[in-house]
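Below: the structure, in structure tokens.
Below, all heavy atoms of this structure are taken into account, side chains as well, without hydrogens, waters or symmetry copies.
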Amino acid sequence: MFPFTPYTPPKPATVINDHTFNWNATAFFEDLTKRNKFARSKQFTFCRVSGLDGFEEALAKMLTKKAFVCVSDISQGYTDINNTPHTRRVKTVFLAMRHAIDNMEARQSCMDTMRELFRQFMSVLIMEQTRLQEHYIYIDPRISFQEIDRYFFSGCACAYFQIGVETYTDLQFNAEEWTK
């Protein structure tokens, strides 16, 4: 039906006391960045970062790279213990493109490019969402996309989006996990 080959994740490692399937957002977006024709034509490079500080480190490499897709290896979240216990994690994906300093037209062009890359990534995430639901992993359908103002990093247009992912959490008490 689709000429696009769906993302095939690596098999997750078995974790004791965790009977749920895990979604590896980093591997997912790394694969999308490598396989997306638009990202390749605009010379996007993938990297892993640790929050905003790590993103700033990636931007320091802008002398040799033109554009980045960076997935943070940390996440925000919480565990809800009411009714059906579940854990929510929010993953952050940063986008950045270099442009001529103080050229607002070039900056706008970069923002347009990042918006289009976001749209193309979301078109695949819709299919991924269906696959994940089979494993009781639910992606929040409201995915925020934020453009970072022009004073964040001179000569570089930056944006980020966040994806909320919820999974069932087994909170059954297990006496074997505790000392008396």
Side-chain angles (χ1 to χ4, degrees), residues 2-10 23-78 88-132 137-166:
F2 293 101
F4 183 81
T5 304
Y7 170 72
T8 305
W23 182 57
N24 186 335
T26 303
F28 178 76
F29 285 104
E30 181 175 19
D31 181 65
L32 291 187
T33 303
K34 289 178 181 175
R35 294 189 317 136
N36 181 266
K37 291 178 183 179
F38 185 73
R40 291 171 67 168
S41 74
K42 299 297 181 180
Q43 301 173 3
F44 276 90
T45 300
F46 178 84
C47 61
R48 291 172 180 84
V49 299
S50 290
L52 189 56
D53 291 340
F55 179 56
E56 290 174 351
E57 287 176 26
L59 292 179
K61 298 177 184 174
M62 279 287 188
L63 294 175
T64 58
K65 304 292 181 186
K66 182 177 179 176
F68 286 98
V69 172
C70 303
V71 176
S72 179
D73 62 4
I74 60 174
S75 63
Q76 307 165 356
Y78 60 82
R88 178 180 176 85
R89 294 283 175 252
V90 179
K91 296 302 289 183
T92 302
V93 180
F94 297 101
L95 304 174
M97 283 190 81
R98 192 174 63 201
H99 62 78
I101 294 177
D102 294 329
N103 183 335
M104 295 310 287
E105 288 179 17
R107 183 177 189 284
Q108 185 61 46
S109 177
C110 289
M111 285 295 188
D112 291 342
T113 296
M114 291 186 299
R115 288 181 201 119
E116 176 58 20
L117 183 60
F118 171 73
R119 186 199 67 76
Q120 290 186 25
F121 280 3
M122 293 305 100
S123 72
V124 177
L125 191 63
I126 288 174
M127 293 185 292
E128 179 73 352
Q129 179 181 21
T130 302
R131 186 184 76 80
L132 291 174
I137 295 176
Y138 301 95
I139 293 177
D140 188 330
R142 295 162 296 191
I143 298 170
S144 66
F145 181 86
Q146 303 291 321
E147 296 172 0
I148 301 174
D149 65 33
R150 65 185 173 144
Y151 301 109
F152 174 69
F153 195 85
S154 295
C156 187
C158 304
Y160 66 94
F161 59 94
Q162 295 182 299
I163 300 172
V165 179
E166 295 192 9

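- The heavy-atom pair separating Thr92 from Gln162 by the smallest distance is OG1-NE2, 3.0 Å.
- The line from CD of Glu147 to CG of Leu95 is 10.0 Å long, rounded to the nearest 0.5 Å.
- Interatomic distance, CE of Met104 versus OG of Ser109, reported as 12.5 Å (0.5 Å rounding).
- Remark: Glu116 pairs with Arg119, Gln120 by the side-chain hydrogen bond (donor to acceptor under 3.5 Å, both in side chains) rule, at least two apart or across chains.
- In terms of heavy atoms, Asp149 sits closest to Arg107 at C-NH2, 3.4 Å.
- Rounding to the nearest 0.5 angstrom, the gap separating the NZ atom in Lys91 from the CD1 atom in Ile139 is 12.5 Å.
- Here the options are Phe68, Phe161, Phe118, Phe94, the test is ring-ring contact (aromatic ring centres under 6.0 Å, His included), and the partner is Phe29; only Phe161 passes.
- Closest heavy-atom contact between Leu32 and Phe121: CB-CE1, 3.7 Å.
- In this view, Thr113 satisfies the side-chain hydrogen bond (donor to acceptor under 3.5 Å, both in side chains) rule with no residue, not counting sequence neighbours.
- A salt bridge links Asp112 with Arg115: the distance from a Lys NZ or Arg NE/NH1/NH2 to an Asp or Glu carboxylate oxygen falls below 4.0 Å.
- Residues passing the side-chain hydrogen bond (donor to acceptor under 3.5 Å, both in side chains) test with Arg88, sequence neighbours excluded: Asp140, Glu166.
- Rounding to the nearest 0.5 Å places NZ of Lys65 at 9.5 Å from CD of Gln43.
- Considering CZ of Arg131 and CH2 of Trp23, their distance stands at 9.5 Å, rounded to 0.5 Å.
- Distance check, rounded to the nearest 0.5 Å: CG of Asp73 to CZ of Arg48 gives 8.5 Å.
- Two residues are said to be in side-chain contact when any heavy atoms from C-beta on lie closer than 4.5 Å; Leu125 and Phe28 meet this criterion.
- The two residues Arg40 and Thr33 make their nearest non-hydrogen contact at CG-O, 4.1 Å.
- Ala67 and Lys42 make their closest contact through CB-O, 4.0 Å (heavy atoms, listed as atom of the first residue, atom of the second, distance).
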Carefully, step by step, assess Val69 and Leu117 under the rule side-chain contact (heavy atoms from CB on, under 4.5 Å).
CA-CA 10 Å; Val69 172; Leu117 183 60; 3.9 Å; yes
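- Residues Arg98 and Thr64 come closest through the heavy atom pair NH1-N, 4.3 Å.
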